[in-house]
Amino acid sequence: LEFRRVLFRSNYELGVDGISLILVVLTTLLSWISILASFGPIQSRVKEYMISFLVLELGMLGVFLSLDLFLFYIFWEVVLVPMYLIIGIWGGSNRIYATIKFVLYTLVGSLLMLVAILATAWTFQTVTGSWTGAFDFERLRDLAGTGAFAGTFGLLAFLAFFLAFAIKVPMFPFHTWLPDAHVEAPTAGSVILAAILLKLGGYGLIRFALGLYPDAARTFGPAIVVLSLIAIIYGAIVAIVQPDMKKLIAYSSVSHMGFVTLGIFVFQEQGMQGAILQMVNHGLITGALFLSVGIIYERTHDRTIAKMGGLASVTPVYAAAFGFFAFASVLAHEICPVDAVVMLGHGSMDESYLTGEPSLMSKGPGATVLSGAVNGEVPLVVRATRIAADSRYAQIMAVMQEAEGQRPQLRRIGDRLGAWYTPLAVSIAALAWWWTRNPVRFLSVVVVATPCPLLIAIPVAVIGAG
């Protein structure tokens, strides 16, 4: 009876802010693109497939919009069922193994998160004497600001939330379900899995793990940073040796999402902004890569990289588009700004917004070199992400606004970098068009050549600003 009373205090409460708005737009954009890409490959049980896909979109949007913890958990589990069906029914030959592995990994983390949610609501009732608002995220966040969720309870609850989100990101060593799921999923399933489902974990870390348990996040921060660095390096190395194109992109996603968790847990505003922008970058670019791989697979039924040589002579437009997205994945530059990686690197160097002390990545000789080679400017679109999930963020923002005036050298570097790079890049683009007079060849030359001026512009900007 008491358990039922707790659940009935949950409300259907939705809301949107700067962080969730960006991810909602990303979800709705890629969902209809994925549905359009499904009309050719999906020939059996089309009605059931479309129902599963729309329920999947419902669950993803619900996760990003929920302001009630129990409602958030319901939507979190709703996402699991249609993805299980999409991979298990319309997937590849080894789809049963991939789906069971995907479900087992996700379900273990989800159940622990449910226990943490109920324990957090119980703690709220113990402190306030009422069940009203026990699942309301805003009231729980305000209570977390008083230190009610500190101590051993906070550590255990944070670990439960972190495990659920780390499996979904996925972080090392919880990543092994991802390559199998990607390889066996249909093309549209791989797009949504990489572009949106992985972002559920990053969003949960920002919104709930840090928002409700800031002290525990500070305690476990160094260990999570180490795991993020391992994921970045390990994912890149393993991706290099993959013979299957889908597995290559899957392992590169492990590496790229490592930058997201690194940016979150350096506890610095620009690192957080870079993490959010990197989630958007990764969603757009990786989704495009999986669509590109699907185009070839649906015609050849083979994803072996060694057999893809010579595609440019047969399909020049496709080769140029695929090369464009491949270089975008490497640099996140041509299709999206480099500011994500810049802010991740910059944020890793600055003071922690939880402690005011130098952040976890600010020590050592490499920090001095890196801190002089980044651009301190923040694009307007990222400023919308300053809506925060932690009651301490008001103090964080005030501290960071004061710190804005303390980086004149970085601002000079940014100004000089823009002054040098822009004319060089425009000149290269003009020469490329004059030389090729062909849109496909022009695009190929621009993708390859425009990053090159950075090799000149960054040293000149750093030396000149010094």
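Just so we're clear, the structure is a prediction, and the values are computed from it rather than from any experiment.
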For the pair Glu184 (side chain) and Thr99 (backbone), establish whether a donor and an acceptor sit closer than 3.5 Å, ignoring hydrogens and angles.
no
With salt bridge (Lys or Arg N to Asp or Glu O under 4.0 Å) as the rule and sequence neighbours excluded, what pairs involving residues 84-97 come up?
none
Restricting to non-hydrogen atoms, name the atom on Ser20 and the atom on Gly15 that form the minimum distance, rounded to 0.1 Å.
OG-O, 4.2 Å
Closest non-hydrogen contact found for Phe39 with Ile35 is CD1-O, 3.3 Å
Could you check Leu229 against Leu262 for side-chain contact (heavy atoms from CB on, under 4.5 Å), going step by step and ending with a plain yes or no?
CA-CA 7 Å; Leu229 293 174; Leu262 174 63; 4.1 Å; yes
When every non-hydrogen atom of Gly211 is compared with those of Arg141, the smallest separation belongs to O-CG, 4.1 Å
Indicate yes or no: at least one non-hydrogen side-chain atom of Thr120 is less than 4.5 angstrom from one of Phe124.
no
Please tabulate, one pair per line, all N/O donor-acceptor pairs under 3.5 Å involving side-chain atoms of residues 235-251, not counting sequence neighbours.
unit_1: Gln242; atom_1: NE2; unit_2: Val238; atom_2: O; d: 3.1
unit_1: Asp244; atom_1: OD1; unit_2: Lys246; atom_2: N; d: 2.8
unit_1: Asp244; atom_1: OD1; unit_2: Lys247; atom_2: N; d: 3.2
unit_1: Asp244; atom_1: OD1; unit_2: Arg303; atom_2: NE; d: 3.3
unit_1: Asp244; atom_1: OD2; unit_2: Arg303; atom_2: NE; d: 3.3
unit_1: Lys246; atom_1: NZ; unit_2: His182; atom_2: O; d: 3.1
unit_1: Lys246; atom_1: NZ; unit_2: Ala185; atom_2: O; d: 2.7
unit_1: Lys246; atom_1: NZ; unit_2: Ser190; atom_2: OG; d: 3.0

With sequence neighbours left out, write down each residue that passes side chain to side chain donor-acceptor pair (under 3.5 Å) with Tyr84, or none if nothing qualifies.
none
Examine distances only and state if a side-chain atom of Asn281 and a backbone atom of Leu284 form a donor-acceptor pair shorter than 3.5 Å.
no
Enter the distance from Leu198:CG to Leu193:CG here, rounded to the nearest 0.5 Å.
5.5 Å
Interatomic distance, CG@Asp17 vs CG@Leu65, rounded to 0.5 Å, equals 9.5 Å
4.5 Å side-chain heavy-atom contact, Val169 and Thr261:
yes
May I have all residue pairs that pass ring pair (Phe, Tyr, Trp, His ring centres under 6.0 Å) and include part of residues 218-239, sequence neighbours excluded?
Phe158-Phe220, Phe172-Tyr234, His175-Tyr234
On a heavy-atom basis, the closest approach of Ala144 and Phe149 is CB-CD1, 3.7 Å
Is there a side-chain contact between Phe325 and Leu291 in this structure, where contact means two heavy atoms from C-beta onward sitting under 4.5 Å apart?
no
Residues which pass salt bridge (Lys or Arg N to Asp or Glu O under 4.0 Å) with Asp180, listed by chain and number, not counting sequence neighbours
Lys101
Indicate the atoms forming the closest heavy-atom contact of Leu178 with Ser253, along with that distance.
CD2-CB, 4.5 Å
Might you work through the side-chain contact (heavy atoms from CB on, under 4.5 Å) test for Leu69 and Leu212, ending with a clear yes or no?
CA-CA 11 Å; Leu69 251 65; Leu212 298 180; 3.9 Å; yes
Any side-chain heavy-atom pair from Val127 and Leu143 closer than 4.5 angstrom?
yes
State, with a plain yes or no, whether a side-chain heavy atom of Phe135 is found less than 4.5 Å away from one of Leu71.
no
If you take the centroid of each ring, where Trp contributes its six-membered ring, are Phe161 and Tyr213 closer together than 6.0 Å?
yes
Tell me, with the steps shown, if Ile276 and Tyr203 meet side-chain contact (heavy atoms from CB on, under 4.5 Å).
CA-CA 8 Å; Ile276 296 168; Tyr203 173 81; over 6 Å; no
Worked verdict on Tyr105 versus Phe174 for ring pair (Phe, Tyr, Trp, His ring centres under 6.0 Å):
CA-CA 8 Å; Tyr105 266 79; Phe174 310 109; 7.9 Å; no
Pairs under 3.5 angstrom only: tabulate donor-acceptor contacts from the side chains of residues 107-116 to other protein residues two or more places apart or in another chain.
unit_1: Ser110; atom_1: OG; unit_2: Trp76; atom_2: NE1; d: 3.0
unit_1: Ser110; atom_1: OG; unit_2: Glu77; atom_2: OE2; d: 3.3
unit_1: Ser110; atom_1: OG; unit_2: Thr106; atom_2: O; d: 2.8

Can you tell me which residue pairs pass the ring pair (Phe, Tyr, Trp, His ring centres under 6.0 Å) test with a partner in residues 11-35, sequence neighbours excluded?
none
Beyond-backbone contact of Leu104 with Trp177, side-chain heavy atoms, under 4.5 angstrom
no
Partners of Ser252 by side chain to side chain donor-acceptor pair (under 3.5 Å), sequence neighbours excluded?
none
Between the side chain of Ser66 and the main-chain N/O of Gly62, is any donor-acceptor distance below 3.5 Å?
yes
Please name all residues satisfying side chain to side chain donor-acceptor pair (under 3.5 Å) with Thr219, sequence neighbours left out, ordered by chain then number.
none
Atom pair CD (Glu13) and CG (Asp68), whose distance is rounded to the nearest 0.5 Å:
6.5 Å
Between atom NE2 of His256 and atom CD1 of Ile232, what is the distance when rounded to the nearest 0.5 Å?
9.5 Å
Distance check, rounded to the nearest 0.5 Å: Ile206 atom CD1 versus Met279 atom CE?
4.0 Å
For Phe64 and Val16, what are the C-alpha separation, side-chain angles and deciding distance, and is it a side-chain contact (heavy atoms from CB on, under 4.5 Å)?
CA-CA 8 Å; Phe64 293 135; Val16 65; over 6 Å; no
Tell me, do Ile33 and Leu29 make a side-chain contact under 4.5 Å, heavy atoms counted?
yes
Spatial distance of atom NZ (Lys199) from atom CG (Leu26) [nearest 0.5 Å]
7.0 Å
Sequence neighbours excluded - side-chain hydrogen bond (donor to acceptor under 3.5 Å, both in side chains) pairs with any residue from residues 38-52:
Ser38-Tyr49
Among residues at least two apart in sequence or on other chains, which ones pass side chain to side chain donor-acceptor pair (under 3.5 Å) with Thr286?
His282
Minimal non-hydrogen separation, Leu30 against Gly283, with atom names:
CD1-O, 3.7 Å
Side-chain touch Glu57/Ile192, heavy atoms, less than 4.5 angstrom:
no
Sequence-distant partners of Phe75, ring-ring contact (aromatic ring centres under 6.0 Å, His included), two or more places apart:
none
